[in-house]
Every structure is written in structure tokens, then in C-alpha cells.
Amino acid sequence: MSPSLSRTGRDLITRAGTGALRGGLDQLVRRNLRGIWVRGVLPTGSAVWASNHHSWWDFFVAAAALRAAGRTDVDVLMQADNIGNRNLFHSAGVIGTDEIRLAVRTLREGRVLVIFPEGELRAVGDLGDTKPGAAWLARASGATLQLVATRVVLRSHQAPEAYLDIVALDHDLSPEYEAAHREHLQRLDQDLQLAGPSEPPSGFRNVVTGLRNWDERFSTLRAREP
């Protein structure tokens, strides 16, 4: 099991420090993305958030969406050899892949643990080969297993948009995890292709509002004119 954040994401954590990272997470998303849209139910209890990892933004949009729903108890599993100061990273919600007991304990406390079963940042496309850690952690801790198809895409708007398509997977179906996740991601890609260029696919709701287009800003100004 070797889920990981990209090197750029690790560097951001190191530079920003604990308080700045947690306090500035929403602004990081709001000032750079048009927003976050979610289809499905955001977890309210303990959950393994298993996502594809095809964008630098993947962890940040997951945490921002959960934060918008009132969840501040969000952690991320990271490659052990990518972690520097353990105290700093732990306080920022980072758990190493060599700290599985800590990961299980964290989940049993009711928190959300974001992991990337592909084990590395990959080019946009189909889901890559995955490690079995997501299902194992869910079974060991009793947490729900959430399959999350994640896409950060630039469509017809000025800034990219983040889409999170969430489904819960029964623990008994964990052997079919990879196939189910791959199919789930393919469905999201198809829905994005079929949707109008300015509208989200059917079933998605906006949970975080970010950077507006200049057209949208001008429309607001025109609406205020007498």
C-alpha cells in the first residue's frame, strides 16, 4: 500500500506549516478554482476516502468539500519516505504509510482518511493499478469505504472546476474495488463530455464557490444598473 501526494503537494505542506495549511485551505481553492461540485453523499462518520490521483488538487478539493460540510477531521495517507518532520506533518493531518496502526486508530476515532490507491500522481486517464490498502483499512477500522472519482477540469470557464463523484462500497465487494472504481471514473468522464460546456453534469451540486469568470462579474454589474 503506497498512496501518496505529489512532490509539489508535499513541498506546500512543508512551506506553509500547520496553521497556515489548515487555515488557508479554503482560500487556496477559492482563489484558484471556479468551485467544487459533488454528486453523492459526503460521509458524516468514519470513512476511507479512496480517490484517483490525477491532479495536484485532489487532496485539497477533498478536504475543502468536507470542510464545507462541517468536517475538519480530515487526514491524508502519504508515502513514508516523503515525510520530513513527523511532528509537523502529523499536526497537519498527514499519516505515513508505515504508520498503519495510527491510520486505523484515526479512523476508529471517526475521522476521514484520504488515500490514493494508485500510489502516485498519474497522468489524466483511466484508473491505474491500485493497491489493496483502502478496503483493508475500511475492514480493519469499521469505517465506510468511499469510492471517489475526482476530476479537476478546465471547460468553458476561466478557472478549472473540481468534480467529486462519491459512492459507498460494501466491504464485501472489496475484491472488485479496482473494477468498480475504474468504471465509476469512466462514468464521470462520460458525463463531463456529454454535459453542456457551462453547466455541471446531472446530479452534481455546488458545495464550494470559487473564482468567477469576468463574464459572470460583468453580468452582476449589469444587473445592478438602474
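One-based numbering along the sequence shown.
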Is it true that [X] and [Y] fall in one hydrophobic cluster, defined by side-chain heavy atoms closer than 4.5 Å?
X: L102; Y: L77; answer: yes
X: V207; Y: L33; answer: yes
X: L28; Y: V94; answer: yes
X: L185; Y: V148; answer: no

Taking atom [atom1] of [X] and atom [atom2] of [Y], what is their separation to the nearest 0.5 Å?
X: Q79; Y: E120; atom1: CD; atom2: CD; answer: 8.5 Å
X: T72; Y: R111; atom1: OG1; atom2: CZ; answer: 7.0 Å
X: T150; Y: D58; atom1: OG1; atom2: CG; answer: 5.5 Å
X: L107; Y: R105; atom1: CG; atom2: CZ; answer: 11.0 Å
X: R67; Y: D73; atom1: CZ; atom2: CG; answer: 11.0 Å

For R101, I'd like to know if atom CZ has over 12 heavy atoms of other residues, nucleotides or ligands within 6.0 Å.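 It does not: R101 CZ has 12 such atoms or fewer within range.
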Using a 6.0 Å cut-off, check whether atom CD of Q186 has over 12 heavy atoms from anything other than its own residue. yes
State, with a plain yes or no, whether a side-chain heavy atom of [X] is found less than 4.5 Å away from one of [Y].
X: R34; Y: P160; value: no
X: V124; Y: H54; value: yes
X: N206; Y: I36; value: no
X: W136; Y: I100; value: yes
X: V152; Y: W56; value: no
X: I166; Y: V41; value: no
X: L188; Y: F204; value: yes
X: L137; Y: L113; value: yes

Minimum heavy-atom separation for [X] to [Y], with atom names?
X: A138; Y: L145; value: CB-CB, 3.9 Å
X: I115; Y: G133; value: CD1-C, 4.3 Å
X: E178; Y: T130; value: OE1-OG1, 2.9 Å
X: P43; Y: Q146; value: CB-NE2, 4.1 Å
X: A62; Y: V114; value: CB-CG2, 4.4 Å
X: A68; Y: V208; value: CB-CG2, 3.9 Å

Please confirm whether the backbone N or O of [Y] pairs with a side-chain atom of [X], one donor and one acceptor, at under 3.5 Å?
X: R71; Y: T44; answer: yes
X: S156; Y: P197; answer: yes
X: R30; Y: T209; answer: yes
X: D165; Y: G40; answer: no
X: N32; Y: V29; answer: no
X: S51; Y: A149; answer: no
X: E118; Y: N52; answer: no
X: R155; Y: E199; answer: yes

Students often mix this up, so state it plainly: with edges at 30° and 60°, are the rings of H184 and H181 parallel, tilted or perpendicular?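 Answer is tilted, since the angle falls between 30° and 60°.
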Tell me whether the rings of Y163 and W37 are parallel (<30°), tilted (30 to 60°) or perpendicular (>60°).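 Aromatic pair Y163/W37 classed parallel.
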Run the salt-bridge test on [X] and [Y] with the 4.0 Å N-O cut-off and return the result as yes or no.
X: D189; Y: R151; value: yes
X: E183; Y: R187; value: no
X: R39; Y: D191; value: yes

Start with the C-alpha distance between L147 and Y177, add both sets of side-chain angles, then the distance that settles side chain to side chain contact (heavy atoms under 4.5 Å, CB included), and finish with yes or no. CA-CA 8 Å; L147 295 187; Y177 164 82; 2.7 Å; yes
Name the residue from V112, V74, D75, V76 that meets the side-chain contact (heavy atoms from CB on, under 4.5 Å) definition with W49.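 The single option meeting the side-chain contact (heavy atoms from CB on, under 4.5 Å) with W49 is V112.
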Evaluate side chain to side chain contact (heavy atoms under 4.5 Å, CB included) for V48 paired with T144, printing each intermediate quantity in order. CA-CA 6 Å; V48 175; T144 62; over 6 Å; no
Donor + acceptor pair across side chains of T97, E99 (<3.5 Å):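 No, no side-chain donor-acceptor pair sits under 3.5 Å.
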